[in-house]
Amino acid sequence: MPLRGIKIFLILLFWLPLGSLFLFEKAIPEDVKNHVLQLTFPEALKETFLLLAVLTGLCFTFGFFFLLFLKNLSSRGRLIALLMALLPLAWPSLNLAFLLRSALSYTGPIPTFLRSLGLTWAEAPPLWGTSFTLFLNLFPYVVMSCFLALRTKEKSWDFAATHFRLSNAFLIRKFIFPTSLPYLGAGTLAVLFEALSDFGASSTWNLSTLSTTLVRTWFSLFSLEAAKLFAFGLMVVSVSIFAAEKLFPIKSEKSQFPLMEKRKLPPFFTWLGAFLTLMICTFGFLLPLLELLRLADWSRWDTFMIPTINTMAWTLLFSVLVATLSLGQQILSHLSPRDPFEAPLQTLKWGYALPGTLLAVSALPVLTLLRNSWNWPETVVFGTGLVWFYWVKFNFLSSRYLENHFRSLTENQKLLVQETSPLPTLTRWWIMLGWAKSFYFPIVGILLVDISKELPLILMLRPAGFHNLMTRSYDFISEGFWNLAALPSLILLGFGLLGIFFVLISLRRNSYDTNS
Amino acid sequence: MYFNLCTLVLKIAILTLSFPLALPAQTSPQTLLIYTSQKEEFVKPIFDRFSQETGIKIDFISDKGPVLIERLKSEGKNTRADLLLTVDAGNLWFAQSQGLFQPIQSAALEKNIPTQFRDPQNHWFGFTQRARTILYNSNKVKPEQLSTYEALADSQWKGRLCLRTSKNVYNQSLVAVMLGQQPESQVAATVKGWVSNLAAEPFADDTKMIEAIIAGQCDVGIANHYYLARMIKAKGPQPVGVFWANQKTSGVHVNIFGAGVVKASPKAKSATLFLEWLASDRGQTTLAENNLEFPIRPKIAVSKIIEPWGNFKADRTALIRVGELQSKAVQLMDKVGYR
């Protein structure tokens, strides 16, 4: 019963604030309502779909070429390509967008250099600027999918090519393309999720997506009720992507084929892939880094150390809390897996699919209610809100990590902690905690990286006193104080590189597992 | 083993909480908590000087104006803030319309601050002026070619104009003022003309836009004067001229940096003292030097950097109208495609 009670509490904690989306405290002013319904909402919907469509095209096309390129490489070559292609992921999209826009604008170093040669450089319109930035920033998700495709399918491709003496064109068209589609699709959908939630790149390039228009509606038209309309739109689109994700089930098949010589594809793919990787690394990482160093003014760095350390401390605290909650949730699932509340508990993963702006719009009324109607102490309200947001948004990450860990438990271990065990519940909790120890701190690390980089969610919650490194960076960048934004940006980049390190370790570990 | 894990978690939690927290502790009677939209580097010297002179300590939380207003709204009567210090009359008007300020009776404030720069019921007061005017590339444009904001919609500026994004409150206020003076169709035609004359996509901030004018991407633009002043202070003279717009008509659009005392504040006396200090000679001089803005009192000297730009006729439209018309201005800019 206590276990069930905790499960119900966790489920309510997730769903209740979302329910506030359906609370309409007051009517939207007529002129604002007409304006939103007739102009800004349709336009935001159109631009969001265009952005997603362009990104889908880019991810599928370049993802497929990248896959063919990787296939031609040795394992060391693949690791180098992987590292180069993953590097842009270390940037938060806002910083990457600002630095790219700055470097590629008329006054930036590249167009200035080209003008000195008598050449011109056209500025990118908002849709293409945003798409380009997000493509560079998020393409690593597709890259990881390509690795997964190679790991599980490559031997079957080589087997078919060798035994049926297939031409390269036939092999690509009939084997590689259809069987890699689910992997590319999964990677692309991850990109679309992130793009839908994105605020940084879209606002820097001035694209009116659902997320950016939601913020504008709230803070320029002063209408939280009208902003909820955009939140509904975001929810519909994100649920659609979530449903589409189910169309690409990836089975982790272990190839049973004997070792055989790798089938090489035409060298064209090697050259094209090498060029693509170099471009991604240059435009997605090196150029923005050089631009950051060019714009930064280091003379005042000491002024910003205390708020930066302060913010990092808060982020660390909430990473610990979220990791602990997720751990508790996973342990609960293993202690009583056949409980009727187990399935609703699993819906907590959906938080990942909900854009931060949507979460913020839904939860602010609940926080206000807690503070004013029941007069909860301020710090308790802040704490509750923060735990809720961070947990809902990032629970998916830590749960997935923990799930893999708990899956590796032996049947005897599972039996020991489930209901057949004669041990008291508390003892079984402690046993599970002991098994999870080695995985706890990597989760805290991953969460620390992700929470530090989260922008829209925290941006929208600043009325409730929330801040992270990203919002500090945003505050300065939006007013053109790049010199002041440099320190938090560099720390964020450092965190991002740490995250890439975790990804690389995890991919290599998976690779060893498969080989063995 | 599992106890070790718990101990480690506990240690991390204690270590983390021992850092200075983001939320200031409960303020003492001799401490004011100010919510301000200005960055720390601009307001800290002002607060420090006030504290030195009066012994009243100031804590502050810095964020964007609309965000702080939402925060005050959600905190309601439980807020610990004593003052809201923000830029743009639209923000001050909106805060007042939400019932967040208390009226202040002060002879010093009424004497020092002209009526158009304060609320009729004394809920908020402006302390410096910031002019949003026309800047031009002095190598490519002669001042005689310039006249009004509206004239920048003429075809002679096709492909030569740069603007900041309409998502910024400064341009929203400028258009709101125009809406208070001209028929909506006329304002729409002007803004549409600006959009068709743009040399580049609207900029994310004024500084980047001024850089574009200097580099020759565009010839003219509309920006707040202090962005250029800051650039000159940091990098020396720039090939950019300042033209005071609409001098033969309504006057150049000025907005304010102002403040109001939060309704729920129990320290109205100390808060009023701070406002009076901002309007005093010392306060005005400090603001002028530190923020490179125009003091609200004409007799106070401006910074040496902006002195050469001369005097100007300011638009006398009551700033309260800016707030009232801001939502309408946003809608108009959306309609004509000004991003």
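Letters go in sequence order (proteins before strands), and every chain restarts at 1. The model shown is predicted, which means the values in this text are computed figures rather than measured ones.
What you find for A:E123 and B:A200 is that their closest heavy atoms are OE2-CB, 3.8 Å. The minimum heavy-atom distance linking A:R101 with B:F203 is given by the pair NH2-CA, 4.3 Å.
Under the 3.5 Å distance criterion, with hydrogens and angles disregarded, no donor-acceptor pair is assigned to the side chains of A:N206 and B:E201. For the residue pair B:K208 and A:S102, a side-chain donor N or O sits within less than 3.5 Å of a side-chain acceptor on the partner.
Within the model, atoms OG1 of A:T212 and NZ of B:K167 stand 6.0 Å from one another, a figure rounded to the nearest 0.5 Å. Distance CG/B:D205 to OG1/A:T204: 10.0 Å, rounded to 0.5 Å. Between the CD atom in B:Q331 and the CG atom in A:N34 there is a gap of 8.5 Å [rounded to 0.5 Å]. If you take CG on B:D334 and CZ on A:R216, they are separated by 4.5 Å, rounding to the nearest 0.5 Å.
Looking only at side-chain heavy atoms (C-beta outward), B:K328 and A:D31 stay at 4.5 Å or farther from each other. B:M209 has its side chain out of reach of A:T107: every pair of non-hydrogen atoms, C-beta onward, lies at least 4.5 Å apart. Considering only heavy atoms from C-beta on, B:E211 stays 4.5 Å or farther from A:Y106 through its side chain.
Contacts of B:Q326 with chain A are made by side-chain atoms alone, with heavy-atom separations under 4.5 Å and no backbone atom involved. In this structure, no portion of B:K44 lies under 4.5 Å from any heavy atom of chain A. Neither the backbone nor the side chain of A:L321 comes within contact range of chain B; no heavy atom of the residue lies under 4.5 Å from a heavy atom of that chain. The contact between B:Q172 and chain A is made entirely by side chain atoms (from C-beta outward), counting heavy-atom distances below 4.5 Å. Heavy-atom distances place both the backbone and the side chain of A:S208 under 4.5 Å from chain B. A:V32 touches chain B through backbone and side chain together, each having a heavy atom under 4.5 Å away.
By the neighbour-count criterion of 12 heavy atoms within 6.0 Å, atom NZ of A:K46 is sparsely surrounded, having that number or fewer from other residues, nucleotides or ligands.
Interface remark: of the candidates A:S203, A:P126, A:P29, A:P126 forms the most heavy-atom pairs closer than 4.5 Å to chain B.
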Might you work through the side chain to side chain contact (heavy atoms under 4.5 Å, CB included) test for B:K64 and A:Y474, ending with a clear yes or no?
CA-CA 11 Å; B:K64 291 204 183 289; A:Y474 171 80; 4.0 Å; yes
